[in-house]
Amino acid sequence: MSTQVTILGAGESGEGAAKLCLSLGLPCRVTDAGSIAPDRAVRLTEMGIEFEEGGHNRDALTASDLLVKSPGVPSTAPPLQWAKDAGIEVIGELEFAARHTTGRIAAVTGTNGKTTTAGLLHHLLETGGLDTGCAGNIGDSFAGAVADALKRPEGDRDIWVVEASSFQLEDTVDFCPDIALFLNLTPDHLDRHSDVKGYGDAKWNITSRQTSEHHLIVNADDPGLRSLRERRDTAATVHEITADSSRAGHQATAAHLLETQRFTFLNPSFTMSIQELALQGKHNLYNSMAAGVAARLFDLNDAGLREGLQHFRNLEHRLEHVADVNDIRFINDSKATNVNAAWYALDSMTKPTIWIAGGVDKGNDYTELIPLVGDKVHTLICLGKDNAKLKKAFGTAVSRILEVESAEEAAVLGYNVAKPGDAVLLSPACASFDLFSSFEERGLRFKEGVRSL
């Protein structure tokens with residue numbers, strides 16, 4: 001008798017889980033407390049997947065053998081308690097996908113940089129000739145990507161690079177990647193995880209089930225991650241990346257160093273100039289080191305590593321160079337939805353900057369940005385429904401604060417107040433949901449404004 005699966009949540013993860021059920025011959029149904037997007041409902045119908053919206057049928061749910069939870073569904077949702085009372089196993093979509101792939105998994109997490117690092121690692125492996133897929137929080141659901149791969153004549157991918165968020169990792173039971181990359185840890189999503197400890201513990205699930213046969217790559221210079229490692233253990237073989245040569249070799253594992261204008265891997269030795277790297281900025285050097293270490297663990301040769309690091313093109317909405325208009329540079333960093341991400345973006349700026357920020361504040365503390373903004377930014381353009389906190393925080397740090405109601409208007413206003421040699425940076429430090437459906441929409445509309453100039 002086939003396992004009956006109920007999928008809780010009808011977003012990208014829910015649709016992907018349904019696709020994978022279909023590929024595996026598992027009967028399933030999708031249920032969502034809200035409304036299902038019309039295009040998604042059409043696709044579910046075309047697949048022959050039963051679904052409901054606007055609430056949950058408890059009897060149908062408790063008749064299931066397995067409940068697959070989408071990451072956006074909070075742990076307090078009543079259907080999860082119904083499943084628990086009925087003795088039904090509850091797992092996340094990430095876990096569900098991992099159970100049904102034969103490919104090796106490299107999972108990437110961290111508060112910031114995980115999308116860029118996952119994209120870069122995928123690029124390194126793919127250009128190195130390895131059969132590699134990329135999925136998870138980066139875009140396509142892992143389950144949906146596995147379902148698509150299983151349809152190929154050659155079957156499943158040999159390697160999966162998976163971006164894993166704290167929401168996804170907190171729902172894992174047995175998830176154990178071959179290689180885990182943990183980039184950094186700063187406060188985020190505290191509305192979901194209550195405090196930094198809970199947030200860090202959710203992230204630590206990326207390595208908590210690893211053994212000595214598995215690998216964990218960590219940024220040894222990140223204070224939040226160091227604190228987490230002091231109270232949590234891993235059995236994995238640890239590989240540190242660091243820009244501090246005094247830390248090299250303090251553990252019995254390889255250290256990977258950024259020395260004076262050189263980008264260095266140890267054991268075995270490999271080096272290249274940082275000017276050769278496609279990704280610039282100190283935070284991207286850490287991302288490049290982490291991806292490079294992982295690629296080497298998959299046996300990518302040094303020639304392939306050098307080629308990939310030199311020619312990677314960063315993903316959309318991540319410090320994306322949009323255009324130069326009359327010697328004014330426009331950069332789309334709409335993915336920067338927290339203070340730490342905006343800090344990295346501002347730190348990488350080498351031109352006088354017009355900074356576009358604002359949106360849904362997630363309890364942000366802007367204090368750490370004030371010196372950087374004072375040094376780099378001459379104009380702040382506030383893009384959000386409520387900009388009072390931003391204006392108060394940076395009122396004395398910048399010479400001019402302006403407000404707009406659309407991303408297109410922000411781009412045009414940025415151009416109008418800029419001088420040749422300036423940069424206009426969209427790096428909001430906030431979520432997008434006051435004015436936009438997603439950070440992607442925010443970034444796309446900003447780029448439309450740039451292209452209208």
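If you're wondering where the values come from, they're calculated on a predicted model, not measured in any experiment.
Legend: residues meeting side-chain hydrogen bond (donor to acceptor under 3.5 Å, both in side chains) with Asp178, ordered by chain and number and at least two apart, are absent. Contacts of Thr367 classified as side-chain hydrogen bond (donor to acceptor under 3.5 Å, both in side chains), with partners at least two apart in sequence or in another chain: Asp365. Among residues two or more places apart in sequence or in another chain, the salt bridge (Lys or Arg N to Asp or Glu O under 4.0 Å) test is passed with Lys391 by Glu403. In this structure, Asp156 has no salt bridge (Lys or Arg N to Asp or Glu O under 4.0 Å) partners at least two apart in sequence or on a different chain. Residues satisfying the side-chain hydrogen bond (donor to acceptor under 3.5 Å, both in side chains) criterion with Asn416, sequence neighbours excluded, are absent altogether. Remark: Arg43 pairs with Glu15 by the side-chain hydrogen bond (donor to acceptor under 3.5 Å, both in side chains) rule, at least two apart or across chains.
Of all heavy-atom pairs spanning Lys69 and Asp171, the tightest one is NZ-OD2, 2.7 Å. When all heavy atoms of Trp355 and Ala342 are compared, the pair lying nearest together is CZ2-CB, 4.5 Å. The heavy-atom pair separating Ser432 from Ser438 by the smallest distance is OG-C, 3.0 Å. Heavy-atom minimum distance, Tyr344 versus Asn184: OH-ND2, 4.1 Å. What you find for Ala97 and Phe142 is that their closest heavy atoms are CB-CD2, 3.4 Å. Heavy atoms only, all atoms of each residue included: Ala220 and Thr242 are closest at CB-CB, 4.3 Å.
In Glu405, the CD atom is not crowded: 12 or fewer heavy atoms of neighbouring residues, nucleotides or ligands sit closer than 6.0 Å.
Side chain of Thr116 to backbone of Gly113: no donor-acceptor contact under 3.5 angstrom is found. Ser141 contributes a side-chain N or O that, together with a main-chain N or O of Gly144, makes up a donor-acceptor pair within less than 3.5 Å. Side-chain N or O atoms of Asn364 include one that pairs as donor or acceptor with a backbone N or O of Ala429 at under 3.5 Å. A distance-only check finds a donor-acceptor pair linking the side chain of Trp204 to the backbone of Asp233 [under 3.5 Å]. Within the 3.5 Å criterion, the main-chain N or O of Asp32 finds no donor-acceptor partner in the side chain of Glu53. Looking at Ser334, its side chain does come within 3.5 Å of a backbone N or O of Phe439 through a donor-acceptor pair. Remark: side-chain polar atoms of Glu93 are not paired, donor with acceptor, to backbone N or O of Val68 under 3.5 angstrom. Side chain of Thr117 to main chain of Lys114: no donor-acceptor pair is present (N/O by atom type, distance under 3.5 Å, no hydrogens or angles). Asp174 places no side-chain N or O within donor-acceptor distance of the main-chain N or O of Glu95, the cut-off being under 3.5 Å. Counting only distance, with no hydrogens or angles, the side chain of Ser406 and the backbone of Glu409 share a donor-acceptor pair below 3.5 Å.
Using a 4.5 Å cut-off on side-chain heavy atoms (C-beta onward), Cys382 and Leu380 make contact. Side-chain contact check for Asn326 versus Tyr415: some heavy-atom pair is nearer than 4.5 Å. With a 4.5 Å cut-off on side-chain heavy atoms, His56 and Leu8 count as touching. Within the 4.5 Å cutoff, the side chain of Arg157 has no heavy atoms near those of the Thr101 side chain. Proximity of Arg104 to Phe298: side-chain heavy atoms (C-beta onward) are separated by under 4.5 Å at one or more points. Contact of the Val373 side chain with the Tyr366 side chain is not registered, since no non-hydrogen atoms from C-beta on lie closer than 4.5 Å. Two residues are said to be in side-chain contact when any heavy atoms from C-beta on lie closer than 4.5 Å; Pro428 and Leu426 meet this criterion. Side-chain contact between Leu67 and Leu80: present, with at least one pair of heavy atoms (C-beta onward) separated by less than 4.5 Å.
Taken from CG in Leu216 to OG1 in Thr237, the straight-line distance is 9.5 Å, to the nearest 0.5 Å. In this structure, Leu228 CG and Thr207 OG1 are separated by 10.0 Å, a value rounded to the nearest 0.5 Å. For the atom pair CZ of Arg296 and CD1 of Ile217, the computed distance is 11.5 Å after rounding to the nearest 0.5 Å. Atoms NZ and CZ, on Lys389 and Phe394 in that order, are 10.0 Å from each other to the nearest 0.5 Å. Note that CD1 of Ile370 is 14.0 Å distant from CG of Asp375, once rounded to the nearest 0.5 Å. In this structure, the separation between CZ on Arg229 and CG on Asn219 is 9.5 Å, given to the nearest 0.5 Å.
A side-chain donor from one of Tyr199 and Thr111 sits under 3.5 Å from a side-chain acceptor of the other. Side-chain N/O atoms of Glu163 and Thr115 include a donor and acceptor closer than 3.5 Å. Tyr286 and Asp221 form a side-chain donor-acceptor contact under 3.5 Å, judged by distance and modelled atom types alone. Between the side chains of Thr353 and Lys376, no donor N or O sits under 3.5 Å from an acceptor N or O.
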Legend entry - Stepwise side-chain contact (heavy atoms from CB on, under 4.5 Å) test for Leu183 and Asp222: CA-CA 8 Å; Leu183 305 173; Asp222 184 75; over 6 Å; no

Inset, instruction - Step by step, work out the salt bridge (Lys or Arg N to Asp or Glu O under 4.0 Å) result for Arg442 and Asp434. - result: CA-CA 11 Å; Arg442 177 169 60 190; Asp434 57 343; 5.9 Å; no

Inset, instruction - Starting from the C-alpha separation in whole Å, work towards a yes-or-no answer on side-chain contact (heavy atoms from CB on, under 4.5 Å) for Asn112 and Trp343. - result: CA-CA 10 Å; Asn112 296 297; Trp343 189 96; over 6 Å; no

Inset, instruction - Start with the C-alpha gap between Arg306 and Asp302, add the side-chain angles, then the distance that decides, and say whether salt bridge (Lys or Arg N to Asp or Glu O under 4.0 Å) holds. - result: CA-CA 6 Å; Arg306 184 183 297 276; Asp302 288 348; over 6 Å; no

Inset, instruction - In sequence, state the C-alpha distance, the side-chain angles, and the governing distance for Asp324 and Arg329, and then conclude on salt bridge (Lys or Arg N to Asp or Glu O under 4.0 Å). - result: CA-CA 4 Å; Asp324 287 349; Arg329 177 155 295 182; 2.9 Å; yes

Inset, instruction - Would you check, one step at a time, whether the test side-chain contact (heavy atoms from CB on, under 4.5 Å) holds for Leu383 with Phe436? - result: CA-CA 11 Å; Leu383 174 62; Phe436 311 96; 4.1 Å; yes

Legend entry - Test log, rule side-chain contact (heavy atoms from CB on, under 4.5 Å), inputs Asp201 and Arg231: CA-CA 10 Å; Asp201 286 341; Arg231 65 180 181 81; 2.8 Å; yes

